[in-house]
Amino acid sequence: MSVPKSETPSVIYLDNNATTQVAEEAVEAMLPYLSQYYGNPSSMHTFGGRVSRKIKEARANIAALLGAEPTEIIFTSCGSEGDNAAIQAALASQPDKRHIVTTQVEHPAVLNLCKRLEKDGYTVTYLAVNRKGQLNLNELRASLTDNTALVSVMCANNETGNIFPIERIGEIVKERGILFHVDGVQAAGKIPLNMKESTVDFLVVSGHKLHAPKGTGALYVRKGVRFRPFLVGGHQERGRRGGTENVPGIIALGKAAELALEHLEEENTRVRALRSLTYVRSLRDRLEQGLLTSIPHCQLNGHQSWRLPNTTNIGFKYVEGEAILLSLDRYGICASSGSACTSGSLEPSHVLRAMGLPYSVLHGSIRLSLSRYNTSEEIERVLEVFPKIIDRLRELSPFNSDEAEWLKEQSLVNSQ
Ligand SMILES: *Cc1c(COP(=O)(O)O)cnc(C)c1O
């Protein structure tokens, strides 16, 4: 079986929290199931049975990555589906409870669903974070009532990489016997997860964030937790998600999970795992320190240590994030600003806003997110061009003095 290989455009890809390169091993694993082995895993014949066995293998691999049982895994089409399915299932199982607790820094898959649920009559508490992006656990405890159906908190933030203390949050949630949903999309494959030793009821994974193809995902549902299917149909996924399985995608996701676990376990297999997470962290630290020390007027957004090993988010004062991105793009460097360009007006990231960062930092913030496919040559190249880009943009910027920034902050305050 040969597939014509076209050249990957030569880019320095530092946007791995947006999506990742599919692992070559995952592509290889899925290919036969796109062509030769097209049987339906639900069929009685041996041809379908072969496919069914492969899905079983993939389920075991995802379960191993999460420290869960294979029967606790449901394959989904994406992280957003997992979040929607988990939250709706939790609410459906307790129709008399009408209150949800979440945070202001969740992914839109959770935030926008919560907004819709508010329209449907639910009350939602959106917990605030401090300047470093951390929750106040006393506030969390105080927000819980007898009417609270669910607490939904992300494990790691996609924009800052900040990690919430899931175990401590879980203890507080379980003191009140409340269901606990965790968006684990950015955490899976980047930090160790162990559902057996946790109090998490639902955990969400997305394939394309961990080197599997887009359109794949998994939802962990703790054994014994009631689950009403989000997608109603056949008996697939033991009756918990209808629809014929995305067989090639599931097989690739299983392979990606297996690889992710190997890279997580690098402490034991240091010699084998050339591109370990320690390696990713060291590249990230080199990049971050290099930028923070060579460029004036910039700061790290988020918490220094409670953070994913692959993510850095830096605010560069007196420059627009979009201008930085466009300049980086000219050098083939892919990054992200976290801003959402809605209806022509540039809205700063809701995550950085929730952290209460000043106007100048909000508008000039850049997220750089690495993977095990990055190299130190790439990082050195970025460190070479980045300071020049900022220098040039600041020369052009009308807001290159403290006075101008002060005026801008004043006008913002006055217009509120
Ligand atoms: C990307 C992401 C999602 C959504 O995953 P999709 O597979 O793109 O739907 C949800 N939560 C977080 C934290 C994410 O980063």
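One-based numbering, in listed order, for ligands and for the atoms of each. These values consider heavy atoms only, across backbone and side chains, with no hydrogens, waters or symmetry-generated copies.
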Quiz item: Below 3.5 angstrom, do we get any N/O pair linking Asn158 and ligand 1?
Solution: no

Practice problem: Give yes if a backbone or side-chain nitrogen or oxygen of Asn17 is under 3.5 Å from a nitrogen or oxygen of ligand 1, and no if not. | Solution: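 Asn17 vs ligand 1: no N/O contact under 3.5 Å.
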
Near [X], which atoms of ligand 1 are under 4.0 Å from a heavy atom of that residue?
{"X": "Cys78", "result": "6 (P), 7 (O), 9 (O)"}
{"X": "Gly79", "result": "5 (O), 6 (P), 7 (O), 9 (O)"}
{"X": "Ser80", "result": "4 (C), 5 (O), 6 (P), 9 (O)"}
{"X": "Met154", "result": "13 (C)"}
{"X": "Ser206", "result": "5 (O), 6 (P), 7 (O)"}

Quiz prompt | Distance flag, aromatic centroids of His297 and Tyr318, threshold under 6.0 Å | solution = yes

Please list the nearest protein heavy atom to [atom] with its residue and the distance rounded to 0.1 Å.
{"atom": "atom 8 (O) of ligand 1", "answer": "His208 NE2, 2.9 Å"}
{"atom": "atom 11 (N) of ligand 1", "answer": "Asp183 OD2, 2.6 Å"}
{"atom": "atom 1 (C) of ligand 1", "answer": "Lys209 NZ, 1.4 Å"}

Do we see a donor-acceptor contact under 3.5 Å between the side chains of [X] and [Y]?
{"X": "Asn16", "Y": "Lys190", "value": "no"}
{"X": "Asn246", "Y": "Thr216", "value": "no"}
{"X": "Thr199", "Y": "Glu171", "value": "no"}
{"X": "His99", "Y": "Asp146", "value": "no"}
{"X": "Asn301", "Y": "Asn313", "value": "yes"}

Self-check item: Which segment of Glu81 sits under 4.0 Å of ligand 1 when only heavy atoms are counted
Solution: neither

Quiz item: Relative to each other, are the rings of Phe227 and Phe202 parallel, tilted or perpendicular (30° and 60° limits)?
Solution: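 Rings of Phe227 and Phe202: tilted, as their planes differ by 30° to 60°.
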
Practice problem: Calculate, to the nearest 0.5 Å, the distance between atoms CD1 and NZ belonging to Ile178 and Lys174 respectively. | Solution: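 Rounded to the nearest 0.5 Å, the CD1-NZ separation comes to 8.5 Å.
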
